[in-house]
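Just so it is clear, the structure is predicted and the values come from calculations on it, not from any experiment.
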Amino acid sequence: MTFDCIIIGGGVAGLSAGLRLAEAGRKTLIMASGQSALHFSSGSVDLLDVPGDPRAALPAFIDAHPDHPYARVGADHIIASLQALQAHCAAEGLILQHGERNHQRITPIGTLKATWLSPDNCAIAGEAVQPDTLLLATPEGFRDFHPALAAANLARQPGFAHCRILTGELRLPQLAEFSRNPHEFRSADIARLCDRHDLLADLAAEISRLTHQAQGPCRHVILPACLTLGRVDERLHELEKRTGCTIREVATMPPSLLGMRMQEALRRRFVALGGTFLTSERVLGARCIGDRVQGLYSQNGEDLLFEAEHFILASGSFFSRGLESRLRGIREPIFGADVHGSSERDRWADQRLFGRHPFLGFGVKTDERLRVLREGQPLANLYGAGSVLAHYDPVQEGSGSGVAIATGWQAAGHILSEAL
């Protein structure tokens, strides 16, 4: 099987690269090994966790971190990559919003997280005064969102000091089938049920019941994201029309529908542009001749070689098995690429839980054009993107998804420039 470009990894880095290549007319294959990190994400996009406009902070940050993946991309290209992502998501009905500075997304435990892009239906704490009364509601028995915990944490935020925060459970008899097996009572299970049956009338009645019990006006409601696996805007608008409330969603504990919806929107867009997306197709090895990759072997066996002119390694970090932890260090398992890390395991993590953990900066080394290094030399037609890369800390910097999108988009750009 022969393609112009093959991408290893179906997360946001691989999809960002694939979308740019497919849009340019390249015959592109994405080989995904299974669920990507998007299934466990908030659906928001972090750029940099800094005061003010993170775009304005990029040049100084890049100057201070010359080995950072952002330095391989450049500030202008980083911004262009995020704009491209917004356009592709919008084409699939997923609107990502931002302002002139990071906004504060409300997390499932009621804390606030600075981020750059969020779905327009996502619950955020804006700069405006918060409503007098806010209702946090969840389906009865649902264990992946706890309104009382979220309300207690929100009440500690200065912006909510004068806000009355209420909690409640939505009693939906259709969910009784899940009560027998709480391990199946997850956001995706509820969403599938909502997609099979019209529960809007019952949901609206339950929301109205809770708001009427509020002993005062209550027109702002936050629900866990579990209403549908697909586009949620029409469903939310109908609920708002029936209840007279403004309704927003908060990401749940994984699996997170907000992240899953982004994954599916980008996958649909990629396929619509002519791309091929293979799921559960784990890449096990590669055939290289000199400094070039000729093809890839997958779990289907060595008798089938996926060949291409160019390749992008967007296989993820330890979580996605793009990197493997060994007693004497870490390794990249497909190409045996050079990695940045430490063989002294005692130095991999900080003693403080919320400290800076060095292992987060471990990963594959690349040259200035994001070409993957092996034995100190770049593989001429293999580029790296996303969390498999070294020299950045997505948690402390608040840069995880921004790096994935920017490096995926830029790797595709280098491939396209070779044909000019």
Side-chain angles (χ1 to χ4, degrees), residues 1-22 26-40 255 260 263-264 266-326 330-339 363-364 366 370-375 378-389 404 407-408 411-412 414-415:
M1 302 180 68
T2 304
F3 295 84
D4 295 328
C5 309
I6 296 179
I7 300 165
I8 306 169
V12 69
L15 282 163
S16 295
L19 285 164
R20 190 174 188 185
L21 292 166
R26 298 297 190 271
K27 184 181 178 183
T28 305
L29 168 67
I30 291 179
M31 302 177 73
S33 62
Q35 292 181 345
S36 78
L38 278 172
H39 286 242
F40 303 86
M260 292 168 67
Q263 167 93 37
E264 183 57 21
L266 295 176
R267 188 200 65 79
R268 286 197 309 266
R269 178 66 172 162
F270 173 68
V271 172
L273 290 170
T276 301
F277 192 101
L278 297 181
T279 57
S280 300
E281 195 70 43
R282 176 169 291 280
V283 176
L284 300 180
R287 177 188 292 175
C288 299
I289 300 177
D291 68 345
R292 295 188 66 84
V293 180
Q294 182 184 7
L296 304 173
Y297 299 111
S298 76
Q299 60 198 27
N300 291 320
E302 293 190 3
D303 57 332
L304 180 60
L305 186 67
F306 293 87
E307 299 182 77
E309 286 296 315
H310 297 94
F311 299 82
I312 295 176
L313 180 65
S315 51
S317 187
F318 301 100
F319 175 81
S320 303
R321 293 193 285 179
L323 298 172
E324 293 182 350
S325 170
R326 299 296 179 92
I330 65 167
R331 66 185 289 265
E332 186 282 309
I334 298 173
F335 301 96
D338 296 346
V339 295
V364 167
T366 71
L370 290 172
R371 292 181 300 180
V372 173
L373 300 182
R374 189 172 68 173
E375 297 181 355
L379 289 166
N381 62 337
L382 175 65
Y383 297 84
S387 57
V388 75
L389 299 177
T407 53
H414 286 313
I415 291 172

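- In this structure, the salt bridge (Lys or Arg N to Asp or Glu O under 4.0 Å) partners of Arg268, at least two apart in sequence or on a different chain, are Glu92.
- Between Arg374 and Gly336, the shortest heavy-atom contact is CG-O, 3.6 Å.
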In residues 270-280, what donor-acceptor pairs under 3.5 Å come from side-chain atoms, sequence neighbours left out?
none

Got a list of side-chain donor-acceptor pairs under 3.5 Å for residues 11-19, not counting sequence neighbours?
unit_1	atom_1	unit_2	atom_2	d
Ser16	OG	Val12	O	2.7

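- Residues forming a ring pair (Phe, Tyr, Trp, His ring centres under 6.0 Å) with Phe318 (at least two apart in sequence, or on another chain): none.
- By the side-chain contact (heavy atoms from CB on, under 4.5 Å) test, Ser315 is found to be paired with Ile8, Leu313, Val388, residues two or more places apart in sequence or in another chain being considered.
- Taking each heavy atom of Glu281 and Ser298 in turn, the nearest pair found is OE2-OG, 2.6 Å.
- Within the 4.5 Å cutoff, the side chain of Phe311 has heavy atoms near those of the Leu296 side chain.
- Of the inter-residue distances, the one linking Leu373 atom CG with Phe335 atom CZ reads 13.5 Å to the nearest 0.5 angstrom.
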Going through the distances and angles, do Leu284 and Ile334 end up as a side-chain contact (heavy atoms from CB on, under 4.5 Å)? CA-CA 6 Å; Leu284 300 180; Ile334 298 173; over 6 Å; no
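- To the nearest 0.5 Å, atoms NE2 (His310) and OG1 (Thr28) are separated by 11.5 Å.
- Closest heavy-atom contact between Gln294 and Ile289: OE1-CD1, 3.3 Å.
- Atoms CE and CG, on Met1 and Leu29 in that order, are 6.5 Å from each other to the nearest 0.5 Å.
- Between the side chain of Gln299 and the main chain of Arg282, a donor-acceptor pair closer than 3.5 Å is present.
- Residues satisfying the salt bridge (Lys or Arg N to Asp or Glu O under 4.0 Å) criterion with Glu264, sequence neighbours excluded, are Arg267.
- Looking at heavy atoms from C-beta onward, Ile415 lies in side-chain contact with Tyr383 at the 4.5 angstrom threshold.
- Taking CD1 of Ile330 as the start and OG of Ser325 as the end, the distance is 8.0 Å to the nearest 0.5 Å.
- Taking both residues in full, the closest heavy atoms of Leu370 and Ala411 are given as CD1-N, 4.0 Å, listed atom of the first, atom of the second, then distance.
- The heavy-atom pair separating Val364 from Ala337 by the smallest distance is CG1-CB, 4.1 Å.
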Run the side-chain contact (heavy atoms from CB on, under 4.5 Å) test on Thr366 and Arg371 for me, step by step, so that the C-alpha distance in whole Å, both residues' side-chain angles and the decisive distance to 0.1 Å come before the verdict. CA-CA 5 Å; Thr366 71; Arg371 292 181 300 180; 5.9 Å; no
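- The side-chain hydrogen bond (donor to acceptor under 3.5 Å, both in side chains) check on Ser317 picks up nothing, with sequence neighbours excluded.
- In this structure, Tyr297 has its ring center at least 6.0 angstrom away from the ring center of Phe306.
- A search for salt bridge (Lys or Arg N to Asp or Glu O under 4.0 Å) contacts involving Glu307 returns nothing, not counting sequence neighbours.
- In this structure, CE on Met260 lies 9.0 Å from CZ on Phe40, to the nearest 0.5 angstrom.
- Residues satisfying the side-chain hydrogen bond (donor to acceptor under 3.5 Å, both in side chains) criterion with Gln263, sequence neighbours excluded, are Ser36.
- Annotation: side-chain hydrogen bond (donor to acceptor under 3.5 Å, both in side chains) contacts of Arg321 (sequence neighbours excluded): none.
- Closest non-hydrogen pair, Ala286 versus Val293, comes out as CB-CG1, 4.4 Å.
- By the side-chain contact (heavy atoms from CB on, under 4.5 Å) test, Arg292 is found to be paired with Glu309, Ala380, Asn381, residues two or more places apart in sequence or in another chain being considered.
- Proximity of a side-chain donor or acceptor of Asp291 to a complementary backbone N or O of Leu379 within less than 3.5 Å is not detected.
- Applying the side-chain hydrogen bond (donor to acceptor under 3.5 Å, both in side chains) criterion to Arg331, with sequence neighbours excluded, gives Glu324.
- With Leu382 as the fixed residue, the side-chain contact (heavy atoms from CB on, under 4.5 Å) test singles out one of Val372, Ile312, Ile6: Val372.
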